[in-house]
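Take a look at the structure below.
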Amino acid sequence: MQRALSVSRMTGNTSTFPDWYQAIVREADLAEVSPTRGAMIIKPWGYGVWERIQQTLDRRIKETGHENCYFPLFIPLSFFAKEADHVEGFAKEMAVVTHHRLKSVDGKLGPDPDARLEEPLVVRPTSETIIGDAFSRWIKSHRDLPVLINQWANVVRWEMRTRLFLRTSEFLWQEGHTAHATAEEGREETLKMLEVYREFSETVLAMPVVAGEKPENERFPGADNTFSIEAMMQDGKALQAGTSHDLGTHFAEAQNIRFQNSAGELVHCHTTSWGVSTRLIGGVIMTHGDDDGLRLPPAIAPRQVVIVPMLRDKPEDAEVVAAGEALVKAMGQVITLGEPVRALLDTKAQKSAEKRWNWVRRGAPVIIELGPRDVAGGTISFMRRDRLRDGDKVASQSLSREDFLAGLPALLADIQQGLYDEAKARLGANIRTDIATFDDMAAYFGAEAGDDEEATAFRGWVRAPWARPTGEELEAIEQKLKALRLTLRNAPMDQPAAFGPCLFTGRPGVEEILIGRAY
RNA sequence: CGGAGUGUGGCUCAGUCUGGUAGAGCACCGCGUUCGGGACGCGGGGGUCGCAGGUUCAAAUCCUGCCACUCCGACCA
């Protein structure tokens with residue numbers, strides 16, 4: 001891969017991948033750090049992307065039979081005591097509310113000692129416990145099942161180190177929670193939503209992923225099985241972009257979620273949960289961004305086409321603006337990717353060249369430059385953000401207004417597909433399947449002679465057979481991998497018929513697993 | 001919380017070693033010339049140099065403590 005991304009065209013400096021990432025977040029006007037530790041301010045353009053994610057994913061969640069609802073931000077502390085693995089998994093990162101009033105003592109404002117809560121409230125890190133509690137009241141009979149709900153919410157996890165979009169102490173997400181009569185139905189639901197995430201990620205975000213099952217040590221606290229979609233970033237690292245958990249009867253047992261089956265027996269439900277978060281935006285940045293800034297897939301671009309009018313403080317300006325407004329209207333009549341085209345005429349009092357580059361940095365898929373000559377000649381001059389440059393020159397093309405409008409759906413679809421294909425090719429080219437032993441893998445990922453720190457980061461993943469060890473044996477493997485900064489990502493859903501020997505133990509393999517560095 | 005690094009206008013940084021009136025480029029404001037293109041000239045606004053102490057006639061610069069951020073670990077959607 002060895003792709004040397006730089007921020008040179010954005011800020012005038014070359015630098016490392018993390019610097020590049022931060023530069024894009026800033027230059028594309030997506031978000032900024034807030035005065036609140038670890039939490040981000042999502043700016044309008046960034047939030048617009050999130051709204052597009054919400055709209056397109058929400059439709060899919062509803063099409064698969066789920067309904068939205070809303071549960072409280074605060075969860076009574078005692079709720080977490082019920083499921084041992086769950087509390088252990090989250091205990092170290094919980095924000096806790098202990099008081100309900102402030103008081104000024106010696107001029108210093110602080111919690112009022114007299115206003116201590118009898119039972120502290122936890123700011124939800126996830127909502128299994130409080131939703132499970134509701135399920136236990138909602139579900140009495142097999143006729144009540146399945147219960148299929150989702151909520152769009154914010155959650156808080158007190159992370160040690162934060163990074164905009166990728167890991168923030170507060171983040172936005174959706175969390176689906178379902179209850180079923182049988183283990184088979186629970187498993188089916190878990191896999192169905194994993195597939196929704198895979199399809200969504202690939203067709204809407206244009207971000208290819210590998211869907212698979214997480215190894216035992218990477219499971220969600222309290223889950224029987226965890227599945228994930230893993231995306232490959234341009235530095236070769238894996239990003240866990242979504243998870244779907246088969247919770248079995250763990251939470252049902254802990255929270256008394258039971259129903260009477262048709263035979264009259266009182267039995268526990270099988271529950272699931274699944275979620276994706278604002279982390280997806282970080283994935284989009286690191287999948288599609290380039291040296292000029294962000295490149296947004298048209299399906300999630302808040303504005304798919306931006307018109308920059310060439311205004312010169314002259315009388316003909318009015319004509320250009322009028323033509324621009326008419327063009328926005330005309331594009332609004334065009335249906336592409338199933339929806340009217342989202343277009344904007346940027347009339348901000350700013351130099352045209354500035355506006356153009358701002359939209360390049362923000363990643364608007366198509367940027368039209370509309371000048372008096374275009375208006376007179378009925379032509380549209382535009383550039384595609386996905387193929388911005390021809391050498392060092394900006395690749396601008398010109399079509400008649402009619403042809404442009406007629407070809408717009410195909411153009412946006414082509415950009416969407418092109419971004420996907422580019423990322424898919426990168427993913428495919430950077431999974432090594434020819435590494436057979438742990439030592440070979442260590443040599444591959446480790447710092448070799450002549451490799452600098454930077455180069456070792458661009459390794460991609462290894463896919464290899466393994467014997468699916470468990471318990472202490474798995475723990476030992478995890479520790480060995482940790483020394484190489486590697487983790488087990490997932491065992492992909494599509495598996496071959498036969499397997500070579502296990503990369504770790506040499507025993508016969510039972511499935512293939514992905515190994516890589518991760519965010 | 002462990003290791004390393006960095007804190008100087010909105011951004012990127014110089015100045016710190018060797019204490020002596022706070023700088024540059026970009027961004028911003030004004031005027032003008034330009035302008036199918038990240039233009040140029042002139043003028044201008046904006047910084048208690050992360051915070052708090054200390055040393056000194058004098059501190060961005062030296063000393064002590066603290067804080068924040070970045071990277072690498074641990075943790076993690």
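Residue numbering restarts at 1 for every chain, and letters A, B, ... go by the order of the sequence lines. What you are looking at is a predicted structure, and each value in this text was computed from that prediction instead of being measured.
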Expressed as a whole number of Å, how far does the [atom1] atom of [N] sit from that of [M]?
N: rG41(B); M: rC57(B); atom1: P; answer: 47 Å
N: rU48(B); M: rG9(B); atom1: C1'; answer: 13 Å
N: rG10(B); M: rG45(B); atom1: C1'; answer: 13 Å
N: rU61(B); M: rG44(B); atom1: P; answer: 30 Å
N: rC69(B); M: rC40(B); atom1: C1'; answer: 38 Å
N: rC76(B); M: rC1(B); atom1: C1'; answer: 15 Å
N: rG15(B); M: rU55(B); atom1: C1'; answer: 22 Å
N: rU18(B); M: rA60(B); atom1: C1'; answer: 15 Å

If I take atom [atom1] in residue [X] and atom [atom2] in nucleotide [N], what distance separates them, rounded to the nearest angstrom?
X: Glu170(A); N: rA77(B); atom1: CD; atom2: P; result: 17 Å
X: Lys393(A); N: rG37(B); atom1: NZ; atom2: C1'; result: 12 Å
X: Arg361(A); N: rA27(B); atom1: CZ; atom2: P; result: 10 Å
X: Gln22(A); N: rU6(B); atom1: CD; atom2: P; result: 17 Å
X: Glu32(A); N: rG10(B); atom1: CD; atom2: P; result: 12 Å
X: Gln350(A); N: rA27(B); atom1: CD; atom2: P; result: 11 Å
X: Ile24(A); N: rU12(B); atom1: CD1; atom2: C1'; result: 17 Å
X: Glu93(A); N: rA74(B); atom1: CD; atom2: P; result: 15 Å

Could one point to a donor on the side chain of Ser381(A) or the base of rG36(B) with an acceptor on the other under 3.5 Å away?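 For Ser381(A), whose side chain was compared with the base of rG36(B), there is a donor-acceptor pair (under 3.5 Å).
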Classify the side chain of Arg389(A) versus the base of rG38(B) as yes if they form a donor-acceptor pair under 3.5 Å and no if they do not.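 In this structure, the two groups form a donor-acceptor pair.
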Looking at Glu199(A) and Arg60(A), is there a salt bridge between them, counting it only when a charged N and a carboxylate O are closer than 4.0 Å?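 Yes, Arg60(A) and Glu199(A) are salt-bridged.
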Step through it carefully: locate the ring centre of Phe90(A), locate the ring centre of Phe220(A), and say whether they are under 6.0 Å apart.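 Between Phe90(A) and Phe220(A), the centre distance is under 6.0 Å.
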So, do Trp45(A) and Trp359(A) have ring centers that fall under 6.0 Å from each other? yes
So what's [N] paired with, Watson-Crick or G-U wobble, going by both distances under 3.5 Å?
N: rU61(B); answer: none
N: rG2(B); answer: rC72(B)
N: rG30(B); answer: rC42(B)
N: rG25(B); answer: rC11(B)

Counting only side-chain heavy atoms from C-beta out, which of [options] sits nearest to [X]?
X: Pro372(A); options: rA27(B), rG36(B), rC75(B); answer: rG36(B)
X: Arg163(A); options: rG37(B), rC76(B), rC71(B); answer: rC71(B)
X: Lys237(A); options: rG38(B), rC72(B), rC76(B); answer: rC72(B)

Classify [X] by what it touches in the nucleic acid, base, sugar-phosphate, or nothing, heavy-atom distance under 4.0 Å.
X: Gln240(A); result: sugar-phosphate
X: Leu166(A); result: base
X: Thr168(A); result: base
X: Ser277(A); result: base
X: Gly275(A); result: nothing

Decide, applying a 5.5 Å centre-distance limit and a 30° plane-angle limit (both strict), whether Phe171(A) stacks on rA77(B).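 Check passed, Phe171(A) stacks on base of rA77(B).
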Residue that, paired with Asp290(A), satisfies side-chain hydrogen bond (donor to acceptor under 3.5 Å, both in side chains) out of Arg389(A), Arg385(A), Gln234(A):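 Per the side-chain hydrogen bond (donor to acceptor under 3.5 Å, both in side chains) rule, the option paired with Asp290(A) is Arg385(A), out of Arg389(A), Arg385(A), Gln234(A).
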Check the phosphate of [N] against [X], side-chain N and O only, distance under 4.0 Å to OP1 or OP2. Yes or no?
X: Arg26(A); N: rU12(B); value: yes
X: Arg356(A); N: rG36(B); value: no
X: Lys351(A); N: rA27(B); value: no

Row check, Phe79(A) ring normal vs Lys82(A) NZ/CZ: under 6.0 Å, within 45°: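 Yes, Lys82(A) sits over the ring of Phe79(A).
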So is Lys480(A) actually on top of Phe438(A)'s ring, under 6.0 Å and inside 45° of the axis? yes
Could you check Arg312(A) against Trp357(A) and say which one's nearest nucleotide on RNA chain B is further toward the 5' end? Arg312(A)
Select from Leu370(A) and Arg279(A) the residue whose nearest nucleotide in RNA chain B is closer to the 5' end of that strand.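 Comparing both residues, the 5'-ward one is Leu370(A).
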Other residues, nucleotides and ligands only: do more than 12 of their heavy atoms fall within 6.0 Å of CD on Gln55(A)?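 Yes.
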Hey, is the main chain of Arg459(A) close enough, under 3.5 Å, to the side chain of Arg517(A) for a donor-acceptor pair? no
